[in-house]
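Notes follow the structure.
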Amino acid sequence: MFGKKSRKKNQKEAPEQEAAPKLDHRFHAEGLGDVWAALTGQNPAAIMPQVIGTVIHDGGTRPAWQWQRGNEEFIFMAWPQDQPIRAGVLMAGPKGAQLKPVTAVPLLEGYPNDLQVAEVHPRLEGLGADVAVTMIEDKNPMWFFDPLYGRDQPDLTPGIMHTFWLSAVAFGIRKALLDYVSIASGPQFEAHAEKWLAENPDASRTDVPPLKVEIKDKHFIMPGRHFGEYQLRAVITDIEEMAFDKMPVKALHLVFPFDNRPDMHLPLFVSDHVLGDFKPEKDQEIEAYAWFQGRIIDLDSGVGGQE
C-alpha cells in the first residue's frame, strides 16, 4: 500500500560508548526517515503521501489522543487500529478550524516499564520529544522518542515516576559472536585515552590502543550516535510474527535484568528488510542497533495501548 520496495540499507556502524555526561558526543536527530525505512524497506520521502492518506482515510481517534494547547487543537490518528505497529499522523490547527496533518510517525506498542523522568528535549518543530529516564541512580539516563509528547508534556516532570510503553525498532541485527568489543572513538574511549596518556606521558594520541570491553554472557544497552539509539546485546525470550502494511516483521521479546530495580522488558521490532538472511531463534543471543520509542501508558485502553 505504501509503494515500491527500495534497496536494503547497510547495517549501521557500532555506536559510541558513554562515560560521563560531559563527554557525551551524541546529538538529537530530528528526522524519522531511518525508522520508516527500517520498518517498510522503502524510501520514506516517496511513501509519506500514501502513509498520511491511508491514516486519515482509515485511521481512528480516541479521546486520550486529543488535546489542546492554547488556541491550538491536536488529534493523533493511527492505522491500522489493532496492530502492534501502526502509522500515526498528528493533525493540528486553530480550535474550531479544519485540522491539517503536520507530521507522520511510526507508533509502536510496547511493554509497560516504570521509569522516572530525568530530562526532556523537545523537537524543534514541537511535535515530539526525546525523553530521558533514570535507570540506575547516579548513572546517565536512557533516552527514547515520545511520539505523543504533546499529550504527555504536562506529566513529563523530572523526578516523577510513570509507567511507559517502551519498544524499539532494529536498524541492524546479528547473532552475538564476539566476547569483546573494541572501542576506538566516543565518550568512553576518550576517558580511556585520557587515563592511558596520563600513565604513558611519552606517548602521543595516535599511540592510544583501542579500549576493549568484555561482553560475553552480558545483557547491555550502550548509547549510539543519536540520543534514543542504542547498541543492544540480549537473549531472545520469545518471537512473535506480524506485519506492517505488506512488510513481515518479527517482534523479539527481550529482558534486561537489573540488580536494584525491576527488569526492563522490551519488544524489538525487526522487519524482513533488516533481517535479510538472518533467522532469529528463541533463546538465541543477539546484538542489534536500535531506536527506542516510549510514551506514558494509555490509561483508558487495553494492554499496549491498543484501541
Side-chain angles (χ1 to χ4, degrees), residues 1-3 29-69 72-93 99-112 122-131 144-153 155-156 164-170 228 242-247 249 251 267-269 271 290-307:
M1 181 176 290
F2 294 156
E30 294 286 317
L32 296 172
D34 285 350
V35 186
W36 281 112
L39 284 173
T40 67
Q42 301 171 53
N43 181 346
I47 65 172
M48 281 304 100
Q50 294 97 318
V51 170
I52 293 172
T54 298
V55 174
I56 292 176
H57 185 268
D58 299 327
T61 62
R62 58 183 180 179
W65 290 353
Q66 300 178 15
W67 63 90
Q68 294 182 13
R69 292 290 180 269
E72 290 288 307
E73 185 176 4
F74 300 87
I75 296 179
F76 190 94
M77 305 176 68
W79 174 91
Q81 190 179 45
D82 57 354
Q83 296 296 318
I85 309 173
R86 293 184 277 179
V89 172
L90 181 63
M91 310 286 291
L99 305 185
K100 297 181 179 180
V102 291
T103 188
V105 302
L107 183 70
L108 313 175
E109 304 307 336
Y111 292 142
R123 295 283 173 100
L124 292 177
E125 83 284 357
L127 304 176
D130 292 329
V131 177
F144 56 77
F145 174 72
D146 184 351
L148 288 175
Y149 168 65
R151 182 203 65 170
D152 294 344
Q153 181 181 3
D155 298 318
L156 292 174
F164 290 89
W165 298 125
L166 189 64
S167 55
V169 171
M242 59 193 63
F244 181 53
D245 193 39
K246 298 179 181 179
M247 175 62 70
V249 177
L268 178 65
F269 295 104
S271 70
W291 174 83
F292 280 41
Q293 182 182 110
R295 67 180 190 271
I296 293 177
I297 190 171
D298 305 303
L299 297 177
D300 67 331
S301 62
V303 175
Q306 296 182 14
E307 296 158 290

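- Residue Leu108 holds its CG atom at 8.5 Å from CZ of Arg295, rounded to the nearest 0.5 Å.
- Residues satisfying the ring pair (Phe, Tyr, Trp, His ring centres under 6.0 Å) criterion with Phe269, sequence neighbours excluded, are absent altogether.
- Distance check, rounded to the nearest 0.5 Å: CZ of Phe74 to CD of Gln68 gives 9.5 Å.
- The CD1 atom of Ile47 sits 3.5 Å away from the OG1 atom of Thr40 when rounded to the nearest 0.5 Å.
- The heavy-atom pair separating Met242 from Ala251 by the smallest distance is CE-CB, 3.6 Å.
- Of all the heavy atoms in Glu73 and Leu99, the pair that sits closest is O-CD2, 3.9 Å.
- For the pair Ala38 and Val169, the tightest heavy-atom approach, listed with the atom from each and the gap, is CB-CG1, 4.1 Å.
- Within the 4.5 Å cutoff, the side chain of Ile56 has heavy atoms near those of the Pro101 side chain.
- Contact record, Pro106 with Leu32: CD-CD1, 4.3 Å, taken as the closest heavy-atom pair.
- When the side chain to side chain contact (heavy atoms under 4.5 Å, CB included) test is applied to Pro44, the partners found at least two apart in sequence or on another chain are Trp36, Ala37.
- In this structure, the side chains of Ile297 and Phe164 stay at 4.5 Å or more apart for every pair of heavy atoms.
- You'll find the side chain of Arg151 stays beyond 4.5 Å of the side chain of Asp146, heavy atoms only.
- Distance check: Trp79 CH2 to Arg86 CZ gives 11.5 Å after rounding to the nearest 0.5 Å.
- Across all their heavy atoms, Arg123 and Asp130 have their closest contact at NH2-OD1, 3.4 Å.
- Ring planes of Trp65 and Phe76: perpendicular class, angle over 60° (limits at 30 and 60°).
- Thr103 is linked by a side chain to side chain contact (heavy atoms under 4.5 Å, CB included) to Leu90, Val105, Leu127, counting only residues two or more places apart in sequence or in another chain.
- To the nearest 0.5 Å, the span separating CE on Met91 from CD1 on Ile52 amounts to 9.0 Å.
- Here the side chains of Ser271 and Phe244 are not in contact, with every heavy-atom distance at 4.5 Å or above.
- Rounded to the nearest 0.5 angstrom, Leu107 CG and Gln293 CD are separated by 5.5 Å.
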Before giving the answer on side chain to side chain contact (heavy atoms under 4.5 Å, CB included), spell out for Phe144 and Leu166 the whole-Å C-alpha distance, their side-chain angles and the decisive distance to 0.1 Å. CA-CA 8 Å; Phe144 56 77; Leu166 189 64; 3.9 Å; yes
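- In this view, Asp152 satisfies the salt bridge (charged side-chain N to carboxylate O under 4.0 Å, His left out) rule with no residue, not counting sequence neighbours.
- Applying the side chain to side chain contact (heavy atoms under 4.5 Å, CB included) criterion to Pro112, with sequence neighbours excluded, gives Thr163, Trp165.
- Closest non-hydrogen pair, Gly110 versus Ser167, comes out as CA-CB, 3.9 Å.
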